[in-house]
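Computed from a predicted structure; not experimentally measured. Chain identifiers are assigned alphabetically (A, B, ...) following the order of the sequence lines, protein sequences preceding nucleic acid strands; residue numbering begins at 1 within each chain.
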Amino acid sequence: MVLVLALGDLHVPHRAADLPPKFKSMLVPGKIQHIICTGNLCIKEIHDYLKTICPDLHIVRGEFDEDARYPENKTLTIGQFKLGLCHGHQVIPWGDLDSLAMLQRQLDVDILVTGHTHQFTAYKHEGGVVINPGSATGAYSSINQEVNPSFVLMDIDGLRVVVYVYELIDGEVKVDKIDFKKTSTSNSAP
Amino acid sequence: MYRDTVLPRVLEQIVNCRDAIAQYYLMDCIIQVFPDDYHLQTLDVLLGACPQLQPSVDIMTVLSRLMERLSSYAALNAEVLPYFLQVEAFSKLNNAIGKVIEAQEDMPILSAVTLYSSLLKFTLHVHPDRLDYADQVLGSCIKQLSGKRKIDDSRATKEIVTLLSAPLEKYNDVVTALKLTNYPLVLEYLDSETKRVMATVIIRSIMKNNTLIATAEKVEALLELISGLINDLDEPQGLEVDEDDFEEEQNSVARLIHMLYNDDPEEMFKIISILKNHILTGGPKRLKFTVPPLVVSALKLIRRLPVEGDNPFGKEASVSATKIFQFLNEIIEALPNVPSPDLAFRLYLQCAEAANKCDEEPIAYEFFTQAYILYEEEISDSKAQVTALQLIIGTLQRMHVFGVENRDTLTHKAMGYSAKLLKKPEQCRAVYGCSHLFWLEGHEAIQDGERVLRCLKRALKIANSAQQMTSAARGSTGSVTLFIEILNKYLYFYEKGIPQITVGTVESLIQLIKNEESMTSEPSAESFFASTLRFMEFQKEKGGAIGDRYEEIKV
């Protein structure tokens, strides 16, 4: 079992002072094997903080990120799954699941993680799964009116991934989970 | 018996011996040896002896020790607290210290401040609810400080910082500390570097305790206190501030801005207006840190405004969306000169979206115009242009507020920018991105199949010429990928039932791609094409209207 933390759109310090204390106390160093971050941190301090939770940190560039060296998108393999990572402001219309599915086909990944809308979504289609972990700080978004802080933890086990979403609603952390199974026939070209 | 007989005699002996070392030692003994409640009872007598001691005696330590003992006594025994009041311990100590300092004219500033620091700690422990006592201590301290010249002693400044930090730690609430009228006055005596240190201490206290500063008045007071971090005015030229430190400071000011909040829109507007005045004095280096959080505060405020219909005052209310948009314009326009044009550009687009939600067409158009001007004049790096254009198209695509004319103008320009990007693949992507500008879900007035098709065809042309250029040069490139991307877009609109995207159009593009694939070999393009075909199969199997659409396409 491999734990992957997916989060992003923190917008510190432009739109939020910090992660909610309840989230911070849950993110304990040493428990998570990989972190994938959709971008818009925005400052190095947050980058460093994430590194203390887990040194294997993958980040892509959001349009407000201070560090311009983050890549536009990234792919990585964890266990049996190929993951793709992209902030999402590049995919128009923003938040449109069909357009995101196209990116997924292009990157040839099972799980596509994107952000930008500050809205948690987990969308399954025949090509795989598109996950948006929302904004970990509940930062203001011009796209989404009501933003609750949220992040995602994926438990990858063989051909199965369980997606846990943690949302801070009215001061309480609510957890939900979704199961995905990958069919054993590989998606990549023969 | 102690009070009437023992102590007076002992003190008489001490004073008369006139030996500084002995005096110090003996005074200390008295304080350490006899129980605290004895001291409380005999405070007058004990303190009365102090000015009579030799000037070289370290009276500072003696008195500090006494006060410390009494503080711990009070801390451990809550029931004696009223007794302290009865005995008027505070005023006696305060007066005694005053007399001691008067008696020793050359007393170094450090000693005086340390005395008041100990007295303040005493006050905070023994009389935590008596803000007026604490204020008095600060007041006395100021009197002493004003008599001296500028403070050069670094230990003295450190002691002043300790003095000022004590109320923050004790009250855990900056708002209470702000009630101490003498607090800001003490701060005035620090040099600019220490002021900055103090300001950081204050901010840290707020962030740690999650204190919200909720009224305009308190915000003003707070900003005055931390003015060392905010404005440019006192800094002597050539002051070297370490880059990293500066950034950290400014980031903490940015975070602080999120703590300045009130539910009531009127009060909140006052708060952000005060913030704006202070921030605009910050000088170019600070603006890029402080303007964005202020913009976000303002945008959030717009969302909290009551809907027009509910507001009995109508458009005459002192806070209206229009006013806030004006406010936003004023702060963002300071940015390009910093220079931070990219940031200003992004903030203008954020404001445009907010205006869109409020149905304010001219305001939204104005923000877009500003953004476009920045794009044309300031954003020249090709990579930056690609991102900037994605933001323009992404934002514009969502605008429902524009009438036909305005929309056409903005769209036309966006198309123009797209076609002029540096590299052909980027041009292609931007142009097919623009196709979405002609189709807004749920808004039939903004749905034009003809122009969607034209966009996609144009993208195809660019992809074609990109491919010709590169095959002349080398052989294989990413241009097949571009064709497949465009195919996916065709399918996107085909599925929506746009009549102009015909089966024939889709089929011929598929054919084109197949031809290209057979000629060049690009594994990533191959898998992309394969997954696209798989997608089409899957849509066919869905059945229903969508299934039928896809049935018609012969692969």
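- Contact detail for Thr387(B) and His89(A): the closest heavy-atom pair is CG2-NE2, 3.7 Å.
- At most 12 non-hydrogen atoms from other residues, nucleotides or ligands lie less than 6.0 angstrom from NZ of Lys44(A).
- With a 4.5 angstrom heavy-atom cutoff, Ser297(B) does not touch chain A via any of its atoms.
- Contact of Leu299(B) with chain A is made through backbone and side chain together, with heavy-atom distances under 4.5 Å.
- For residues 30-40 of chain A, a heavy-atom distance under 4.5 Å to chain B picks out no residue at all.
- Pairing each heavy atom of Ser141(A) with each of Arg303(B), the nearest pair is O-NH2, 2.6 Å.
- The shortest side-chain heavy-atom distance between Gln350(B) and Arg15(A) falls under the 4.5 Å cut-off.
- Within residues 54-74 of chain A, the residues having any heavy atom under 4.5 Å from a heavy atom of chain B are, by residue number, Arg61(A), Glu63(A), Phe64(A), Glu66(A), Ala68(A), Glu72(A).
- Note that CG of Asn251(B) is 7.5 Å distant from NE2 of His14(A), once rounded to the nearest 0.5 Å.
- Ranked by non-hydrogen atom pairs under 4.5 Å with chain A, the options Glu247(B), Glu495(B), Glu441(B), Gln397(B) are led by Gln397(B).
- For the options Phe528(B), Phe289(B), Trp439(B), heavy-atom pairs under 4.5 Å to chain A are most numerous at Phe528(B).
- Between chain A and the options Thr532(B), Ile393(B), Leu391(B), Leu389(B), heavy-atom pairs under 4.5 Å are most frequent for Leu391(B).
- Separation of atoms CH2 (Trp94(A)) and CD (Gln390(B)) is listed at 9.5 Å; rounding is to 0.5 Å.
- Of all heavy-atom pairs between Ser142(A) and Arg398(B), the closest is O-NH2, 4.2 Å.
- The contact between Phe535(B) and chain A is made by backbone and side chain atoms together, counting heavy-atom distances below 4.5 Å.
- No donor-acceptor pair under 3.5 Å is formed between the side chain of His258(B) and the backbone N or O of Asp18(A).
- Between Glu537(B) and Glu126(A) the shortest side-chain heavy-atom distance does not fall below 4.5 Å.
- For Val12(A), the part lying under 4.5 angstrom from a heavy atom of chain B is the side chain only.
- Residue contact with chain B, scored on non-hydrogen atoms closer than 4.5 Å, is absent for Ala101(A).
- Leu107(A) does not touch chain B: none of its heavy atoms, backbone or side chain, sits under 4.5 Å away.
- Surrounding CD of Glu248(B) are at most 12 heavy atoms belonging to other residues, nucleotides or ligands under 6.0 Å away.
- Heavy-atom distances place no part of Gln539(B) under 4.5 Å from chain A, backbone and side chain included.
- The contact between Glu45(A) and chain B is made entirely by side chain atoms (from C-beta outward), counting heavy-atom distances below 4.5 Å.
- At a 4.5 Å heavy-atom cutoff, Phe529(B) makes no contact with chain A through either its backbone or its side chain.
- Of all the heavy atoms in Arg255(B) and Ala17(A), the pair that sits closest is NE-O, 2.8 Å.
- Listed here is the closest heavy atom pair of Ile92(A) and Gly394(B): CD1-N, 3.8 Å.
- Most heavy-atom pairs under 4.5 Å with chain A, from the set Ala254(B), Pro292(B), Cys351(B), Ser524(B): that is Pro292(B).
- In terms of heavy atoms, Gln106(A) sits closest to Arg429(B) at NE2-NH2, 4.1 Å.
- At a threshold of 4.5 Å between non-hydrogen side-chain atoms, the residues Met102(A) and Leu491(B) do not count as touching.
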